[in-house]
Every structure is written in C-alpha cells, then in structure tokens.
Amino acid sequence: MLYSPERRTLHIVFRGSRGTYLYFDVSAEEWREFRAAASKGTYLNSVFKARHPRYERVLRLPTALRASLSASREPRDSPDENVWGFHES
C-alpha cells in the first residue's frame, strides 16, 4: 500500500489477480485508522470501501510502490499483517 498525503490518495495492491486500486480523497486520519485496524481486510470491506466510492483500478504502479514490492518478495511463512506493506510518499 502507498499513501500520498499531498494527493490524498491510497494505492492498494491486492495479492493474486485481484489487481491494484487507487482510492481518492483519503484523509491522513482515515489512513491511520486503516493502518491501526486489527483486521485490515475487514476494515477495508466494512468501513473504508463504504466511505470511498471514488476509486479506479490502475494498470501502472507508482515508481515507489513498484520498487518496494520488488524488494519485498521474500517468502512468508504465514499470512499476517506484515503482508500489508505500508508506505507513505
């Protein structure tokens, strides 16, 4: 995930073939709430998506996010919050 406070945008790259999405008008407070949620998936589906009807699926990742994903492709033993790679631009 990559949050830009200047643009108030949030890029989320989903695992598998679910794609990459760009959410608009995301406040810094909403970003903090999302990061602090005990379950990111539950928060995304029940709270965050309800607040943000403006989003689009994107084909090209921002350079910073693309670089961080390439650097973090180490295998993981189990799914946990570490798979949510948080980045702020």
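What's counted below: heavy atoms across the whole structure, side chains too, no hydrogens, waters or symmetry copies. Note that the structure is predicted; figures quoted are calculated from it, not measured.
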Test side chain to side chain donor-acceptor pair (under 3.5 Å) applied to R8 - qualifying residues, sequence neighbours left out: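 R8 satisfies side chain to side chain donor-acceptor pair (under 3.5 Å) with no residue once adjacent residues are dropped.
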
S46: side chain to side chain donor-acceptor pair (under 3.5 Å) partners, not counting sequence neighbours: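 With neighbours one apart ignored, the set is empty.
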
From OH (Y43) to CZ (R35), nearest 0.5 Å: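 If we round to the nearest 0.5 Å, Y43:OH and R35:CZ are 13.0 Å apart.
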
Nearest-0.5 Å distance that lies between atom OG1 in T20 and atom CZ in F14: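 So the gap between those two atoms works out to 8.5 Å.
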
Side-chain heavy atoms of K40 within contact of M1, under 4.5 Å: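 When only atoms from C-beta onward are counted, M1 and K40 do not touch, as no gap falls below 4.5 Å.
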
Contact check, side chains of F48 and E33, non-hydrogen atoms, under 4.5 Å: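 Contact flag for F48/E33 side chains = no.
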
side-chain contact (heavy atoms from CB on, under 4.5 Å) partners for R32, two or more places apart: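 R32 satisfies side-chain contact (heavy atoms from CB on, under 4.5 Å) with A28, E29 only.
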
Which residues share a side-chain contact (heavy atoms from CB on, under 4.5 Å) with Y55, sequence neighbours left out: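 Scan of Y55 (side-chain contact (heavy atoms from CB on, under 4.5 Å), adjacent residues dropped) gives Y21, Y23.
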
Pair F34-V26, side-chain contact (heavy atoms from CB on, under 4.5 Å): steps then yes or no: CA-CA 10 Å; F34 186 35; V26 178; over 6 Å; no

With R54 via salt bridge (charged side-chain N to carboxylate O under 4.0 Å, His left out) - residues at least two apart: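 Per chain and number, R54 pairs via salt bridge (charged side-chain N to carboxylate O under 4.0 Å, His left out) with D25.
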
